[in-house]
Amino acid sequence: MDFRAFFRQATGHDPYPYQERLASPEQPGTWPDLIDIPTGLGKTGAVALAWLYRQYIGDESAPTRLIWCLPMRTLVEQTHDVVTHWASRLAPLFAAAGRPLPTAEIMMGGEQNTSWASHPEHPAVVIGTQDLLLSRALMRGYGMSRYAWPMHFAWVHTDALWVFDETQLMGVGVETSAQLDAFRQLLGTAKPSRSIWMSATLGQRQLETVDHPQPAAGWQTVRLNDADHALAAVQQRTGASKAITASPVTLDKASGKDVDKRGAKSDYATQLAERVVEQHQAGSLTLVILNRVSRAQAVYQAIRNTVPSQRVALLHSRFRPVDRRAQYEILAGEGDRIVVSTQVVEAGVDVSARTMFTELAPWSSLVQRFGRCNRYGEFADAKIEWIDLAVADDKDETRLPYEASDLATARTLVSQLTDAGPAALAEVDYTPPRIIRPVLRRKDLVELFDTTADLGGNDLDVSRYVRDEANDSDVSVFWRDIEKPDNDDTRAPARDELCSVTLTAFNNLAKKKTTVAWTFDRVDGEWVELGRPRPGQTILLTAVSGGYDAEVGFTGEPPKKGQKVAEVVVPEPPPPPDGLDEDPDSTTRWLSLHDHVADVVADTRDVASALSVDPVWSRRLEIAANWHDLGKAHPVFQEMMTGPGEKNEKYRPPDATTLWAKSNHQLGRTSRRGFRHELASALAFLQHAEGDDVDAIAYLIAAHHGKVRLSIRSLPNEEDPGPQVEGLFARGVWHGDVLPAVTLPDGTQVPETTLDLRVMRLGRGSWLERTLGLRDAPDIGPFRLAWYESLLRVGDQRASARERQGGQ
Amino acid sequence: MTIELHGCAPTPLAHYLKALAILRIVAEQADPSVRAHWNGDTFALTTTLSREDLVQFFLHDYMPAPVVAPWNGGSGFNPKDNKTAINAIRAGSSPRFSSYRNTIEAATDLRADLGIDEKVSSDQKEELLVACRSVLPDSAVQWLDAAIILTSDGPKYPPLLGTGGNDGRLDFTNNYMQRLCDLIDPESGEPSLVAESWLRTALFGTSTDGLGNNVMGQFHPSAARVNAWDFVLMIEGAIVFAGAAVRKLESSAPGTLSYPFSVRQSGIGYGTSTQDDENNSRAEIWVPLWTSAASFAELQTLMSEGRARVAGRPVKNGVDFARAIATLGIDRGVDSFQRYGFQVRNGLAYYATPLGRFEVRKQPQVDLLNPIDRWLDRFIGRAKSAQAPSSVARAARNLEAAILALTQRSGRRQLQAVLASLGACEAAMATSFGWTTDPRARTRPVPPLEPQWLTRCDDGTVEYRLAASLASLSTKYMLGGKSRLMPLRAHLTPIDAWEKDGHLRAKWVEQLTRDLVWSGASLQDNLSAVLQRRLLLATQSGHGHFVARAKVFASLSDIAAFVEGRTDDARLEELLRGLLLLDWPAVERQSLQAPSSEKLSPDASYGVLKLCFAGRAIGDIEIPVTPAIVTNAAAGDRYAMTLALRRLRASGLAPAVDALWVDDAKLRRLAAALLFPVSRRDVEALCRSVLRTEDAPTDNHPNEPEQPQA
């Protein structure tokens, strides 16, 4: 089946010529760098279906994973819906061809098992926000177990096609994505990966980072050509017209008087509300975009006063998430509605207004706002009114949050327009100011490869490479219907309860007599009355303090008599995350060490073969799989297995002589805090093995739970065994511990082993020297090393899962 | 082979940094397998290079790190700067400077891009710094990370390289370029005439003449005339401290420096320390001296781990660091650390002063501080703020000094000194009660210390045992219908105490009460004042007799020593204040062993008085509380004896004497001594010695577990 038919099967219509060119490039197996196609012309389908098609025809060169990176959660859901829809329509084709049907999954925070991560050989579309995806690419995945970081890092860097969509909203994410692409080339991956950046208005300059220069021939870019332009559908979108005029309503000192004071009558709010209602076309969407929350609230309320029956919504950033969602539903709905918003609507909401009002804003913001009007060219009479702001200079607060000079530039440009359609905007001569952003350097990535937390359990913070820094002068506020918090009973706020508020706005509320504010003192571990609030602080307000209204968001107003802020009902908090010494997989039924290891060897072999791992590493993985759980022969581990059986027959092992890998209970606790069997396994291997492969295999063994990797150190809460070990103990393994003799499934006879922890220390043959050597070897490097360590982990996890279900 | 580099040494700092530089440069440019270690004060390089190869490498092949500071005045990038060296390097064609040239070009372009043509304004500086780290070549990133930390609060400057490569008015980078040009011709790449002999001196410490006359900066304060290689390698070595580039992005707790082995300075622990040092100095750095041959990559990781932690938080000062190094050092095989401070001594120039060598030893006594670490951290932080009263500041400094000493030698005396200092801190807080309880930044009482302190501090002296017995006193009184725990501590500092789950809890009182009877008077007067207060409380509570509960009893021979004035009262009080801080409800009842030779008991006057206030029933006789006996004794009035004898007789205990003559000084002493709790056995002994034998009660409670063998 050719691509055209395949595309039609998925979407019900024919592809545009550019979509066909992308799916069947002149050079097979290649992908473009950039896709520069206007909104509404099927960019998502172009890449997703081209990739799906290659999976369908069994193109070996196509990466197994399609990673779709978006700046916002709402876009993630939209994209997931459409990809899932196509995949379901294509399912019969894949079945008929005997090809595995790719899965489409949303990358989520949280601990759930995802099939894309446990089946790296199965084709998958993974769609997520830049926060979740880029943090994983930086080995510091947000919202997941730290021990799974290396696996997600491996899967997103190896055998992956990244798509960066709506890059104009990604900020520093673009620079980071460019650098990561360069590092994959520089440091090498076990299987090739590619990146595609998609945006109608991409600032290419952001892509040209220090290690990612533009190629001499320029970026390979997919654009519309004459064949595309000849199509009526393309013309409708590219030729969409949006008449633009200056609004008769303007904001100056006089009209804006009291607009910030809630409850007061303001000329501006009244006039604008009247104008909006007058211009609104029944049955369609009118979008009113204002620069400040207080003005949006005032105008919203004025519209509600005039037209109480109408479907009116208000969007801004000073809502609790749960209340914001209710407003978004009105926006995303259909039919007759007026939505008043701040600039939050600029970003990534797929709506198309017939009528738009916008306050003057910097040019790049205006362009984004215009894009929300007549998005698909579906209205012949779409129109935009821009509202001038009288701003003299930066001292004039009307300008906020923008600079007066940026507004002046934008005023000059917008005054000359009569139409704000794509064609007209393309003619505007505007060079955006250069924004200096922190760029991820090679040194940073190499250092991030080590996931050992510092002794306080703190991790490196990668947020500056993930997203432009948010306004950090805000505080987070939540309301509880209590008199005062209790140290034992008052739980930490859930995300849905928190409303972000500027410090100034909060201080105004805090001054009121009715306000009762508390904060949690982490040092003393107790709730204390709030002193002077600091940026970033999380603050509890009692419900009677007011300041918030579910309909309009944070108002800063004390409550009317007898009223209080409604508490958000949140579900039970999730259980605490996986601790350092927990081994969640170790509980099934009784299983001998020998049998479990044999299972893992088989599963690892299967994974390696499905992914065509090269013979050298296949052999290393095989040996590592044989040795990986040898440390479970340690008396401390065996005691954890058999100990509960001494008190309760139910937990007694089937026989007393076997070494066990899994038990039928979860009751055992290792007598040594934080005991890690895989460290004992790796140490034993080091002592018995020889040859060039030793370091790599020892690392694979140690890393198979993600808890012992580059560095071995004792933890602060570990029991000190005393002077006989010369200070050499780490992760519950002590210098001089003895492992009994064991025969491995491959027949290797491992004699009794006295563990030697001197490798902890600096010097020749130290653990650090070995692992850093692997990380820095030109033929291995961080990407390959993470990939191989993850393959053994997948083998181990699969075997354990099968064993849990009783299979062999 | 192993080459001993006698030109490197743990001190001065310049010579330590030189050692790091040589290891780094050889590893990166000449021999990837090179290793190095410290052998005493000598730096030893294990490498495939011979001694001569090493010299020839530095003379002919070494490529300098591209060290630039386009944000600094005087860096060579501004119109009015000295540009001799930077221009020579830019114009040169030697491949040895190619990375340097690229970096200078990139930095120049960047300034032009950002529209900077004059000196960098403070508005432009942060942007320029971020841009530099974003676009300069990789070889310069190490240097940038050593000189600047970019945080969300703006750039921070690690102390080792001054303020972003600038030490007072001395720009390190321009100076570095000039010294390089003294050594290597940027055009031909050939060494200068003096380069070889200077190099041999720098590496091997052989003496040479004709050194350049340049300023070294903070790394080597005493060297007025400087070997250009020493300067160049010092900067190259400072770059190694960039090991933890990413870690510095971690959101750091206030007051910490996120930089390898660097902390704020504690102005204590070395000979000339004064309070002023701490306020003016910037920081200190503790550099590791490791003894097994380590590769450069390993060393770099060690540096990245160098953000030491104590009790789970980042270290903030030298005292914290001393507590923390044991773990890190032992895990990694580092034997000692050389400590340096950067202080203001000469106007604008900062100097690195060696502050001594710290051996890495496991000091288990130091861990006793961990449970109170949060309080310690907060208290010391606040005590050092400008608003703190000087008495509190002094107490905090003494405490830090005691802790520092403890990290080096964990003896009983050292731990005792910490204990006493903690007591002094609580006393200072009580004295400055307004400051202490300021609602904007409350400082809590010292949290209860673990029971182990009692035995670990025990130095076998009379004073210690007596102090412990007093400190262990704690009785519950019924006051205003409520049961109130009244530890002795509540008479010295204004605390409310209660017991929860077998542990002591204490907080500052909300209103000062009359229980706070301790004053600036002598120990003896204070003890009798406490006794009188407790007698009043006993009366108010309706106690039939005087009840004194204690975990540690004083022995009669120790009490005799006190009565006879053979004790050091100042020391006793100091220890008392410390011991009061223990978590007494959690302490097992015990007796502290006295050397068996001292078996003197106090004379009969003590016995007669004490039996009136035995703290317990005598046999089944409860002696009613008679405060007048103590009041008179404390005033030196012999009427006290008369009252006591009468009291005993009235209770049916017949003294063996009818009258006792005691001088007034001794009487005062005796009044104080009555506060020491004594065991049932000793009460019986007193009965036997001062009562008519037929009246001495027999032991009715043989099984009462009063005096378990310690």
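Numbered from 1 within each chain, the chains take letters A, B, ... in sequence-line order.
Across every non-hydrogen atom of A:Arg441 and B:Leu136, the tightest pair is NH2-O, 2.6 Å. Considering every non-hydrogen atom in both A:Val439 and B:Ser134, the closest pair reads N-OG, 3.1 Å. Residues B:Glu298 and A:Gly763 approach most closely at OE2-N, 3.0 Å, considering heavy atoms.
The part of A:Arg437 that comes within reach of chain B is its backbone (N, CA, C, O), which places non-hydrogen atoms under 4.5 angstrom from that chain. Neither the backbone nor the side chain of B:Leu129 comes within less than 4.5 Å of any heavy atom of chain A. Looking at B:Leu114, the atoms closer than 4.5 Å to chain A (heavy atoms on both sides) all sit in the side chain, from C-beta outward. There is no contact between B:Thr291 and chain A, counting heavy-atom distances below 4.5 Å. Using a 4.5 Å cut-off between heavy atoms, B:Ala293 touches chain A through its backbone atoms (N, CA, C, O) alone.
For the pair A:Lys443/B:Asp138, no side-chain contact is recorded, criterion being any heavy-atom separation below 4.5 Å from C-beta on. Between B:Arg133 and A:Asp444, the closest side-chain pair of non-hydrogen atoms falls below 4.5 Å.
Atoms CZ and CG, from B:Arg35 and A:Leu762 in turn, are 10.5 Å apart once rounded to the nearest 0.5 Å. Annotation: the span from B:Thr301 atom OG1 to A:Glu447 atom CD amounts to 8.5 Å, rounded to 0.5 Å.
Contact count versus chain B (heavy atoms, under 4.5 Å) is highest, among A:Val210, A:Thr771, A:Thr209, for A:Val210.
Formation of a donor-acceptor pair under 3.5 Å by the B:Ser292 side chain with backbone atoms of A:Arg764 is not found in this model.
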